[in-house]
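Just so you know, ligand 1 is whichever comes first in the structure, and atom 1 is the first atom listed for that ligand.
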Amino acid sequence: MKLVILGPPGSGKGTYSSEIESRLDIEHISTGDLCREAIEEGGEMSEKIKKYYEKGKLVPDKFINQMLKEELKEIDMDDFILDGYPRTVEQAKFLDGIIDLDGIIRLDVSDSIIIERLSARRICKDCGEVYNKLFLKPGEEGICDECGGELYQREDDRPEVVKDRLEKYKKRSKQVLDFYRDKIPFEVLKVEETSLPIDEMVDKILEKAERKNLLS
Ligand code: AMP
């Protein structure tokens with residue numbers, strides 16, 4: 001199964017993809033995680049990516065396409081759920097040239113839910129585990145359950161950066177969706193509550209995927 005999950009920043013696509021990864025035993029590829037890893041590693045590439053990442057701007061297609069291609073090679077282009085990519089029509093075209101997707105699930109979430117969720121999102125400085133003060137709280141406030149690391153708010157999750165990210169997301173995602181229309185099986189899942197339990201959301205996503213025979 002080669003599946004893309006599309007949704008605005010903060011729609012929960014990363015969290016749901018991780019859960020799908022463990023339920024179905026397939027790879028979860030997040031280009032956001034690839035960027036964070038590249039920044040952590042340091043060096044020339046790190047500086048190039050950091051400049052965009054910290055402002056909530058998209059990393060140029062040529063860097064992100066290269067990172068994705070290398071990651072796909074590592075997993076032998078096998079089954080995966082791809083989250084955070086493609087974000088531009090150029091990325092969609094690039095992906096189309098190297099892989100045949102089975103389907104796309106799009107999460108449809110209102111701006112107000114997104115802003116509420118992202119202001120509450122916290123990440124572990126040490127292991128990258130993601131928490132949310134609304135629906136995915138750590139046992140002890142500010143401390144990671146997995147490794148005891150300190151939790152922080154991503155630079156690009158601050159409300160003033162989020163609003164700008166959302167506007168740009170809408171414009172670009174329309175172009176990406178137009179590119180895929182009539183090409184690839186498509187399902188839309190409307191998210192109407194801020195904090196639905198993760199299991200429930202993943203059940204709904206998988207039901208949608210099943211409806212299009214994507215799980216066989
Ligand atoms: P995410 O964790 O998916 O919200 O991504 C965090 C940041 O990583 C984005 O704001 C971009 O700076 C960068 N990024 C992740 N995926 C992409 C992509 N497909 N294209 C360009 N930049 C990306």
Side-chain angles (χ1 to χ4, degrees), residues 2-21 27-41 45-72 80-99 101 104-107 109 111 113-125 127-132 136 151-177 179-180 191:
K2 296 177 177 63
L3 192 65
V4 162
I5 185 160
L6 293 179
S11 54
K13 56 192 187 311
T15 309
Y16 307 142
S17 304
S18 295
E19 178 61 23
I20 292 171
E21 174 179 45
E27 289 286 334
H28 165 207
I29 304 175
S30 150
T31 45
D33 284 350
L34 294 181
C35 289
R36 285 181 278 281
E37 281 162 22
I39 292 171
E40 281 275 295
E41 275 169 20
M45 191 62 160
S46 159
E47 285 312 309
K48 282 182 184 151
I49 294 175
K50 205 169 166 181
K51 248 186 0 202
Y52 300 94
Y53 180 94
E54 284 188 342
K55 293 189 188 125
K57 291 191 170 168
L58 287 194
V59 172
D61 290 331
K62 62 176 178 182
F63 298 139
I64 213 92
N65 287 343
Q66 186 58 33
M67 281 197 284
L68 179 79
K69 195 173 175 184
E70 278 166 20
E71 189 67 15
L72 284 173
F80 58 79
I81 181 159
L82 186 51
D83 129 45
Y85 184 103
R87 267 168 152 109
T88 64
V89 73
E90 287 75 19
Q91 293 177 12
K93 285 179 183 164
F94 178 80
L95 186 65
D96 198 48
I98 56 171
I99 218 135
L101 281 182
I104 297 174
I105 306 272
R106 181 169 75 83
L107 302 176
V109 195
D111 287 4
I113 290 186
I114 294 296
I115 290 168
E116 203 181 344
R117 277 187 176 186
L118 287 186
S119 330
R121 181 157 77 173
R122 296 293 180 273
I123 321 276
C124 174
K125 267 188 177 155
C127 72
E129 192 70 15
V130 180
Y131 296 87
N132 196 292
L136 194 58
L151 304 186
Y152 77 106
Q153 181 173 38
R154 260 167 56 176
E155 272 296 303
D156 59 341
D157 279 350
R158 287 176 293 113
E160 57 276 25
V161 185
V162 170
K163 282 181 193 151
D164 185 50
R165 280 167 78 191
L166 278 177
E167 284 316 307
K168 293 197 170 116
Y169 167 79
K170 283 180 203 165
K171 216 185 270 173
R172 290 191 188 108
S173 71
K174 187 182 174 311
Q175 295 172 336
V176 170
L177 295 175
F179 173 79
Y180 283 124
V191 183

Would [X] count as being in polar contact with ligand 1, using the rule that some N or O on each side must be under 3.5 angstrom apart?
X	result
K57	yes
R165	yes
Q91	yes
T31	yes

Can you find a non-hydrogen atom of R36 under 4.0 Å from ligand 1? yes
Are P9 and ligand 1 in contact, using a heavy-atom cut-off of under 4.0 Å? no
Counting non-hydrogen protein atoms only, what is the nearest one to [atom]? Give residue, atom name and distance.
atom	value
atom 23 (C) of ligand 1	I64 CD1, 3.6 Å
atom 6 (C) of ligand 1	R154 NH2, 3.3 Å
atom 22 (N) of ligand 1	V59 N, 3.0 Å
atom 1 (P) of ligand 1	R87 NH2, 3.5 Å
atom 8 (O) of ligand 1	Y53 CD1, 3.4 Å

With heavy atoms only and a cut-off of under 4.0 Å, state how I49 meets ligand 1: side chain, backbone, both or neither. neither
Under the 3.5 angstrom rule, does the side chain of R165 hit a backbone N or O of D156 as a donor-acceptor pair? yes
For ligand 1, which atoms sit closer than 4.0 Å to a heavy atom of [X]?
X	result
D156	6 (C), 10 (O)
C35	8 (O), 13 (C), 14 (N)
G32	1 (P), 2 (O), 3 (O), 5 (O), 15 (C), 16 (N)

Does the side chain of [X] reach to within under 4.5 Å of the side chain of [Y], using non-hydrogen atoms?
X	Y	value
Y85	L34	no
P86	F94	no
L95	V4	yes

For S30, which of K13, E21, R36 qualifies under side-chain contact (heavy atoms from CB on, under 4.5 Å)? R36
